[in-house]
There are 2 protein chains.
Amino acid sequence: MSIVHLIADIPLFHGLPKEQIDDLAMIVTDQVFKKGEIIFSESDEGTGFYVVITGRVKIFKLSFEGKEQILHIFGPGEPFGETAVFAGEHFPANAEAMEESRIFFFPRESLIALIKKTPSLALNMLAILSRRLRRFAALIDDLSLKEVPGRLAAYLLYLSEQHKGSTDLQLAITKGQLASLLGTIPETLSRILAKMTAQGLVVSEGPHIRILDLEGLQVLAESGGHL
Amino acid sequence: MSIVHLIADIPLFHGLPKEQIDDLAMIVTDQVFKKGEIIFSESDEGTGFYVVITGRVKIFKLSFEGKEQILHIFGPGEPFGETAVFAGEHFPANAEAMEESRIFFFPRESLIALIKKTPSLALNMLAILSRRLRRFAALIDDLSLKEVPGRLAAYLLYLSEQHKGSTDLQLAITKGQLASLLGTIPETLSRILAKMTAQGLVVSEGPHIRILDLEGLQVLAESGGHL
DNA sequence: CGTCGACTTGAGTTAACTCAAATCATGTGG
DNA sequence: CCACATGATTTGAGTTAACTCAAGTCGACG
């Protein structure tokens with residue numbers, strides 16, 4: 001597929017006139033990152049923003065001792081690194097390709113110029129940032145006010161919703177990564193899954209998890225999460 | 001001061017032509033909330049956004065058991081509740097006046113219409129949301145990867161920077177609220193302050209905290225925080 | 001002076017952590 | 001096709017930071 005079509009397919013740019021898409025195609029940088037490659041680091045200067053075309057990218061923070069907290073996992077069509085364009089000089093977190101990924105990079109000035117010309121793009125961008133703020137608020141809520149079982153239950157319910165309410169879930173990430181996403185470590189996650197299984201809430205076999213007691217999980221997620 | 005001047009003084013609206021300020025003045029709702037009054041709750045529909053004119057407002061989440069996590073404390077000139085305008089139907093958290101506060105309310109449609117007309121406003125708004133995302137990322141980092149002493153140290157250093165590097169700090173909030181801001185409880189905060197005092201890092205007398213060992217605090221904040 | 005809220009301190013409990021080791025799946029080179 | 005290296009996951013044992021509950025202190029204000 002041509003660069004122009006790939007850009008036009010990015011939800012952020014939906015509805016843009018052809019001319020401006022062409023402009024974007026002129027200035028885009030097309031890159032491929034291998035699995036595990038760092039796209040940018042926390043201290044790097046943010047000279048532009050990125051969009052995932054294929055593959056997956058994780059945005060994460062690292063503690064002093066090396067423990068990681070995943071903030072986002074982005075897939076095709078999703079932009080990342082935009083806050084550096086609008087707010088500051090450096091990126092607030094690290095970005096790494098979780099698998100071989102094709103990434104488009106757009107320099108800062110062109111995005112700002114484009115937004116000035118295109119109100120609908122500004123509103124798209126505002127909507128995206130607002131949704132992320134909302135997700136962050138939920139994550140803070142979870143980290144601060146819920147225990148790990150509650151977070152896991154909430155996550156499983158979220159996955160279930162994504163799949164139209166299916167109770168047959170396939171993890172797209174490893175359990176270690178899930179642990180990092182939930183703000184815990186693999187050992188703890190493993191133990192809690194074992195407990196949930198013992199209580200008949202779920203069945204877990206490798207990356208496949210089946211929800212047995214949807215209501216039970218809901219109670220767990222809402223009540224802060226004591227198993 | 002007139003409504004028009006008050007609106008023109010809001011940083012978000014800086015640089016707007018007089019005509020549009022007048023438009024805003026026509027549609028603004030001017031409200032006063034007493035200390036402790038709820039401005040909106042998590043489940044409320046977000047039909048617009050707010051700006052603090054005088055006083056202070058806290059944005060917070062509540063756990064099932066009633067523990068609170070403060071997400072923001074906003075003062076004069078700062079907007080809040082905007083994410084509901086761009087992203088969703090309901091507010092993602094609760095808002096309460098921490099003291100008697102004068103609050104302006106702007107309905108959703110007028111803000112969106114204004115942004116369509118005014119690219120610089122869009123960029124202002126994007127910058128504000130980006131800065132908040134950044135702050136949230138830092139908070140998530142703290143909650144997930146640092147222990148309470150590290151968070152407290154980081155907060156004290158932040159306060160010191162706000163006051164041009166002064167080591168004489170005056171808390172603008174109660175220690176209980178500080179605990180909630182740091183994602184802990186008053187008892188824990190009290191104990192940690194006592195420990196820090198015992199180690200000669202700070203002196204704490206009521207709402208007044210003096211930093212004795214700036215470097216020590218920096219080490220504590222950066223290293224995750226073991227006292 | 002008494003009450004109320006804010007703060008501190010003590011004692012006991014626990015969720016989640018660290019460290020260590022065993023198990024399992026996968027894939028590669030011989 | 002097998003043996004071993006690699007990474008993911010699980011399980012066990014011990015430790016700890018931070019929590020809950022309870023009690024007491026302190027200061028401001030009516």
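FYI, side chains are in, hydrogens and waters are out, and symmetry mates aren't considered; it's all heavy atoms of this structure. As the structure is a prediction and not an experimental result, all values here were calculated from the model. All chains are named by letter (A, B, ...) in the order of the sequence lines, taking the proteins before the strands, and each is independently numbered beginning at 1.
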Using whole Å, report how far [atom1] of [X] lies from [atom2] of [N].
| X | N | atom1 | atom2 | value |
| --- | --- | --- | --- | --- |
| A:Lys195 | C:dT14 | NZ | C1' | 10 Å |
| B:Glu99 | C:dG5 | CD | C1' | 17 Å |
| A:His208 | D:dA8 | NE2 | C1' | 19 Å |
| B:Lys146 | D:dA17 | NZ | C1' | 17 Å |
| B:Arg191 | C:dT8 | CZ | P | 11 Å |
| A:Leu171 | D:dT9 | CG | C1' | 13 Å |
| A:Leu189 | D:dT9 | CG | P | 9 Å |
| A:Lys35 | D:dG7 | NZ | P | 10 Å |

- prompt: Would A:Tyr158 and A:His163 count as a close aromatic pair, with their ring centres under 6.0 Å?
  reply: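 No, too far apart.
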message: Please tell me whether B:Phe49 and B:Phe91 form a close aromatic pair, meaning their ring centres lie under 6.0 Å apart.
response: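 No - the distance between ring centres of B:Phe49 and B:Phe91 does not fall below the 6.0 Å cut-off.
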message: Can you tell me whether the side chain of B:Glu147 and the base of C:dC17 have a donor-acceptor pair closer than 3.5 Å?
response: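 No pair found.
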message: Regarding C:dC17, can its base be found pairing with the side chain of A:Glu65 as donor and acceptor, where the two atoms are less than 3.5 Å apart?
response: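 It does not, because no donor-acceptor pair links the side chain of A:Glu65 to the base of C:dC17 below 3.5 Å.
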Compare side-chain N and O positions of [X] against OP1 and OP2 of [N] and report whether any pair is under 4.0 Å apart.
| X | N | value |
| --- | --- | --- |
| A:Thr188 | C:dA16 | no |
| B:Thr174 | C:dC7 | yes |
| B:Lys67 | D:dT20 | no |
| B:Thr184 | D:dC19 | yes |

message: Nearest 0.5 angstrom please: B:Ile209 CD1 to B:Leu152 CG, how far?
response: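 Rounded to the nearest 0.5 Å, the CD1-CG separation comes out at 7.0 Å.
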query: In Å, rounded to the nearest 0.5 Å, how long is the span from CZ of B:Arg132 to CG of A:Leu129?
result: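 The CG atom of A:Leu129 is 12.0 Å from CZ of B:Arg132, to the nearest 0.5 Å.
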- prompt: Under 4.0 angstrom, heavy atoms only, what part of the nucleic acid is A:Pro149 near: base, sugar-phosphate, or nothing?
  reply: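 Sugar-phosphate, no base atom in range.
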task: Could you say whether B:Ile185 or B:His226 is positioned toward the 5' end of DNA chain D, judged by the nucleotide with the nearest heavy atom to each?
output: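 By nearest-heavy-atom nucleotide position, the 5'-most residue is B:His226.
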query: Taking NZ, NE, NH1 and NH2 as the nitrogens, is one of them in B:Lys61 or B:Glu68 under 4.0 Å from a carboxylate oxygen of the other?
result: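 Not counted as a salt bridge, because no side-chain N and carboxylate O are separated by less than 4.0 Å.
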